[in-house]
Amino acid sequence: MLLAVLSVVATFALAGTLDQARETRLAGDYSGAASLLDALHPLIEPGEEGPWQLERGLAAELSWQPELAEAYYRAAITEGGNAGLEARYHLVVILDDMGRYDEARTELAWLKKSPALDPSFRPILDVQAGVIDLHTGFEPRGTRVIRKSLARVAEVHPHPWMEGRGRFALLDAWSDTADALGFDGGESRQKRNLTQRAQLLKAVESELFATIQTDEPEWIVASLLRVGRAYADLADDLAQAEPPARLSESEAAVFRSLVVKRAEAPRTKAYNCYDHGVSFALRVGFENPTVVELRSARDALATVR
């Protein structure tokens, strides 16, 4: 009888502690949530193993420990149930983040075929599929899939975090394309690349503004860092552009002076992106490795402006 009473008490304590750990995680105290969960683990019932593993994985993922989170997510998947289904979704995300794209695709395909999946969640998974496409070089398809899926997400199951992830993937890919358009070579190539680069950066800025509207700090700071780098790279490439071969020595000197002057505007834009990112993070109390990079990039650029 005593053992039965203790079992009931432990069950109630478990439920309350799981809820407390979840609330602690949602409040942003990921190490605190992990500590609570670790202390609780020896007491849990077999049926609560899946939810515990999921929660422990989330605490690890949000602490920027994807390798640690993977083990917990896989354990939750083994347990099955709704916790296992949610864990597989998070596993897809971290496998993508770690560059293990084939594994991410395999897990995503399994998840999309699950009869237990809420149909309203499928557009969110489609956004993630488009993100993987962009990460693996299938830019036209990835762009098309993300665009289409974001429209469906807005209608069926709003999910600001995945919207931010999709939009960041777009602006990141377009920034990479812009960065590759250098100013070496002939005069006509320089003009063409500068025009294309300006068009791409205009599209990148549109995605940046849309990402800011999600109110998701992770993607706002990531986008500001990436766009800042795109403008910093443009400034550097402009400043180092070679004068056309047809110019005389004196004309070439004027050309170099002009491009250095022209590089000031994108360099200022880069600084502003970094500074806005740092200020935003401070204002909302958000801290992650990207914010550290923003501070470093801002401070470095401040010395050369």
Side-chain angles (χ1 to χ4, degrees), residues 19-37 54-70 72-73 86 89-99 124 127-128 131 134-135 146 150 153-154 158-173 175 204-232 269-302:
D19 289 342
Q20 184 180 356
R22 188 175 297 110
E23 291 171 3
T24 301
R25 168 176 61 81
L26 292 173
D29 183 4
Y30 309 129
S31 62
S35 296
L36 278 172
L37 289 163
L54 171 62
E55 276 299 320
R56 191 60 182 83
L58 288 168
E61 180 185 354
L62 293 167
S63 299
W64 314 105
Q65 299 174 294
E67 295 86 357
L68 182 61
E70 179 184 356
Y72 291 118
Y73 289 150
E86 183 177 347
Y89 160 71
H90 291 288
L91 179 62
V92 170
V93 170
I94 64 170
L95 287 172
D96 180 22
D97 288 343
M98 292 189 289
I124 296 168
V127 174
Q128 176 58 45
V131 171
L134 289 181
H135 290 166
I146 290 174
L150 282 177
V153 166
H159 196 294
W161 188 88
M162 185 56 79
E163 179 187 349
R165 182 176 179 84
R167 294 193 182 282
F168 172 76
L170 287 173
L171 70 82
D172 185 38
S175 294
V204 163
E205 280 197 352
S206 294
E207 287 303 322
L208 170 61
F209 295 141
T211 303
I212 290 172
Q213 296 303 310
T214 67
D215 287 329
E216 287 291 331
E218 178 180 353
W219 301 118
I220 292 173
V221 297
S223 297
L224 285 165
L225 177 63
R226 185 63 187 93
V227 176
R229 283 177 171 166
Y231 276 114
K269 281 194 170 187
Y271 179 87
N272 289 339
C273 284
Y274 299 150
D275 190 50
H276 289 331
V278 172
S279 298
F280 167 78
L282 181 63
R283 186 170 69 252
V284 301
F286 182 75
E287 185 68 31
N288 73 348
T290 303
V291 178
V292 175
E293 291 186 63
L294 277 165
R295 290 195 193 97
S296 177
R298 180 195 63 178
D299 295 346
L301 199 56

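One-based numbering along the sequence shown. Here the structure is a predicted model, which is why all the values come from computation and not from measurement.
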Going by heavy atoms in the side chains, are [X] and [Y] under 4.5 Å from each other?
X: L171; Y: S223; answer: yes
X: V221; Y: F280; answer: yes
X: W219; Y: W161; answer: yes
X: F286; Y: N288; answer: yes
X: Q20; Y: R25; answer: no
X: M162; Y: V153; answer: no

Looking only at heavy atoms, what is the nearest atom pair of [X] and [Y], with distance?
X: P158; Y: A154; result: CG-O, 4.0 Å
X: A222; Y: F168; result: O-CE1, 3.4 Å
X: G228; Y: A270; result: O-CB, 3.2 Å
X: T214; Y: G164; result: CG2-N, 4.1 Å

Carboxylate-amine/guanidinium contact R165 D172, below 4.0 Å: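 No, R165 and D172 are not salt-bridged.
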
Rounded to the nearest 0.5 Å, how far apart are [atom1] of [X] and [atom2] of [Y]?
X: I146; Y: E207; atom1: CD1; atom2: CD; value: 9.0 Å
X: L54; Y: R22; atom1: CG; atom2: CZ; value: 8.0 Å
X: L208; Y: L170; atom1: CG; atom2: CG; value: 12.5 Å
X: T290; Y: I220; atom1: OG1; atom2: CD1; value: 12.5 Å
X: L224; Y: R226; atom1: CG; atom2: CZ; value: 12.5 Å
X: L134; Y: D96; atom1: CG; atom2: CG; value: 10.0 Å

By side chain to side chain contact (heavy atoms under 4.5 Å, CB included) - contacts of E61 (at least two apart): L58, A69, Y73, H90, V93, I94

Where at least one partner belongs to residues 209-225, residue pairs that pass salt bridge (Lys or Arg N to Asp or Glu O under 4.0 Å), sequence neighbours excluded: none

Check: residues 293-302 side-chain donor-acceptor pairs under 3.5 Å, at least two apart:
from, atom 1, to, atom 2, distance (Å)
E293, OE1, R229, NH2, 2.6
R295, NH1, E287, OE2, 3.2
R295, NH2, E287, OE1, 2.8
R298, NH1, D275, OD1, 3.2

Derivation of the side-chain contact (heavy atoms from CB on, under 4.5 Å) call for L95 and L91: CA-CA 6 Å; L95 287 172; L91 179 62; 3.8 Å; yes

Salt bridge (charged side-chain N to carboxylate O under 4.0 Å, His left out) partners of E163, counting only residues at least two apart: R167

Residues which pass ring-ring contact (aromatic ring centres under 6.0 Å, His included) with Y274, listed by chain and number, not counting sequence neighbours: none

Enumerate donor-acceptor pairs with a distance under 3.5 Å from any side-chain N or O in residues 26-33 to protein atoms, sequence neighbours excluded.
from, atom 1, to, atom 2, distance (Å)
D29, OD1, S31, OG, 3.4
D29, OD1, G32, N, 2.9

